[in-house]
Amino acid sequence: MTRQTIAILDFGSQYVQLIARRVRENQVHSMIFAPAVSPAVLKQNNVIGLILSGGPASAYAEDAPQPDPAIFDLNLPTFGICYGMQVVCRHLGGAIAPAQRHEYGRTSLHVQASDPLLAHVPREAAVWMSHGDIVADFGPDFTTLARTKNCPNAVVKHKHRSIYGVQFHPEVTHTPQGGQILRNFLHEICRAEGTWCPGGIIEEAVNNVRDQVRPGTQVICGLSGGVDSSVTAALLHRAIPGQLTCVFVDNGVLRANERDRVEAIFKGHFKMDLRVVDAAERFLSRLAGVVDPQEKRRRIGHEFIDVFREEAANIPNAHFLAQGTLYPDVIESGHSAAGTAANIKLHHNVGGLPDELGFELIEPLRDLFKDEVRIMGEVLGLPEEVVWRHPFPGPGLAVRILGEVTRERCDLLRKADQIIIEEITVAGWYRKIAQAFGVLLPIPSVGVMGDGRAYADQHVVAIRFVESSDFMTADWVHIDHGILARISSRLTNEVPGVNRVVYDVTSKPPSTIEWE
Ligand code: XMP
């Protein structure tokens, strides 16, 4: 393994993934590890520097997560952030104390000494703080490089080794010079080459797949048409074109023209072996009469497994199942000190499949973040509309039709969705919105149509536009009212059964992005 890696030890900070991405934005590969990762694992991964994240614990609490002290004997350049700084200092002779005044939010950093870590950082810079404890006494080996009003040791450095600590959060955008400080750490202190890029690792990923997939066997790839499964399929097609079969299941709760689109791209353009399963009738009959959202999800999940199982039985020598698992899914399953896994809904379209069917898994994207997968997709030649597609939930329109899912309601919402997407695309907003969709409410609404009162069979469509980087939190989009007006007018004129349109102005939390 020759790729240089920066190891991020996860002490439970809500920003740990952000740190990993900030490092990668500097063309340096990063990986997130549990706090007690062993020196052997770090060596195996060719780690050239350590970042210790912040975390919710108090560094002097009994059960505060601690690193394996032996990692400090590796003599790696080290950068501790907030709690991570306290951990570093404590392990190297310092003492922690509760801060006399807690500091939250923006404050001013005064740089007192020059150092490669602070190269190109002005003497006064805004930084973003969030801490209770501070390092009260560093022992003789550390020296202070910068302070804030309430924190005399906001940046510290070991006198003889490349070990640094910062009390603020350089990874957040509220610390405008944070990017510069991280860049300095990576390039000046760790001497990182800066050669990593997601588009450039395609060859490596292709070789890994070729090593894993034995000759004479087949790989099945469930293709939904979303970014992750599309990039997975395109990558596998490059690696093992003759050994790949893609399966697209039309479950009746997809967006308009989905099936034609997927066929045109993957069968038409890439010439892949694509099997399209027309299962709309099966799914819709399983959904008849069901109004509970979890029950809808459960039934769709089970039906999917049944359909997939039947299809797989027709593919000889299918030993492998490819999935578009991303790095955040991998991290979520238990790397964190604070157990962030508990906070996350698991959204796997094919959950349970590999176990039940006895497949070996292939997950070529499990080292990548979504934006990196998009870059890879572009390099692999996928069309822009696939690469930049908004996410679409596995249970599809079924969780956007509140109440019972029927074919008529699906058709209505599909038409509405198409209009919504057309309008934001024409207006140049599609890429500015993380997710845009309509929700069909189960309440009739009184209106006037022509000269008469309309009530029965007239429904409300709610429009939901959110901005979000990781879909864990989101805000509603302050969109131009002219666009809303056009959408409203088209929905009520062009979609029979819609006589009222409302805009959802709630953030997540407290709401979720989907309504069900
Ligand atoms: P929520 O509604 O939990 O959604 O705020 C967060 C993101 O996850 C998507 N989502 C799902 N995706 N199966 C999926 O594959 C599901 O059951 C599911 N539920 C929500 C949602 O569209 C958003 O991007």
Side-chain angles (χ1 to χ4, degrees), residues 14 17 221-232 248-255 258 283 286-287 290-305 307-308 323-333 340-354 363 365 369-371 373-374 388-402 405 413-414 417 420-421 424 430-441 462-477 504-516:
Q14 55 178 323
Q17 291 194 32
C221 178
L223 186 59
S224 71
V227 188
D228 307 340
S229 67
S230 297
V231 174
T232 302
F248 173 83
V249 178
D250 182 352
N251 59 12
V253 284
L254 299 175
R255 286 167 286 191
E258 201 65 354
F283 278 85
R286 280 287 286 262
L287 288 170
V290 180
V291 293
D292 177 66
Q294 289 306 75
E295 185 59 18
K296 288 180 187 173
R297 279 200 169 76
R298 202 184 65 77
R299 291 193 184 207
I300 291 173
H302 282 200
E303 195 61 28
F304 191 87
I305 290 176
V307 170
F308 210 85
Q323 280 194 338
T325 313
L326 303 191
Y327 195 43
D329 305 328
V330 180
I331 306 167
E332 282 161 14
S333 45
T340 39
N343 303 329
I344 292 154
K345 270 197 218 170
L346 287 176
H347 296 311
H348 287 298
N349 293 353
V350 284
L353 263 180
E363 298 178 311
L365 312 181
F369 287 108
K370 188 92 166 183
D371 42 356
V373 169
R374 291 196 155 125
W388 290 100
R389 210 128 206 260
H390 294 174
F392 185 69
L397 300 179
V399 289
R400 295 177 177 172
I401 294 170
L402 275 53
V405 179
L413 187 59
R414 222 184 324 265
D417 179 78
I420 292 168
I421 299 299
I424 57 169
Y430 188 84
R431 291 271 290 267
K432 294 189 243 171
I433 297 176
Q435 222 171 338
F437 55 91
V439 180
L440 180 61
L441 306 193
I463 300 176
R464 181 95 164 123
F465 294 159
V466 295
E467 51 191 24
S468 174
S469 57
D470 55 10
F471 300 91
M472 309 271 295
T473 60
D475 200 4
W476 59 279
V477 176
D504 181 345
V505 288
T506 26
S507 60
K508 170 185 177 175
S511 286
T512 50
I513 294 174
E514 303 292 344
W515 276 43
E516 284 196 336

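Just the heavy atoms: all of them, side chains too, but no hydrogens, waters or symmetry mates, feed the values below. Worth saying up front: this structure is predicted, and the values here are computed from it rather than measured. Numbering of residues begins at 1 and proceeds along the displayed sequence. Counting starts at 1 for both ligands and their atoms, in listed order.
- Near P395, meaning under 4.0 Å from any of its heavy atoms, are these atoms of ligand 1: 13 (N), 16 (C), 17 (O).
- At least one donor-acceptor pair under 3.5 Å links the side chain of R414 to the backbone N or O of L254.
- Partners of V290 according to the side chain to side chain contact (heavy atoms under 4.5 Å, CB included) rule, which considers only residues two or more places apart in sequence or in another chain, are E295, K296, R299.
- The shortest N/O to N/O separation between G394 and ligand 1 falls below 3.5 Å.
- Residue contact check: F471 has heavy atoms under 4.0 Å from atoms 6 (C), 24 (O) of ligand 1.
- Shortest non-hydrogen contact noted between P393 and V399 is CG-CG2, 4.1 Å.
- Atoms of ligand 1 lying under 4.0 Å from any heavy atom of K508, numbered from 1 in the order shown and given with element: 1 (P), 3 (O), 5 (O), 6 (C).
- For W476, there are no side chain to side chain donor-acceptor pair (under 3.5 Å) partners, not counting sequence neighbours.
- Remark: ligand 1 and P391 share no N or O pair separated by less than 3.5 Å (distance only, no angle test).
- Here the rule is side chain to side chain contact (heavy atoms under 4.5 Å, CB included) with V227, and of V373, L326, L365 only V373 fits it.
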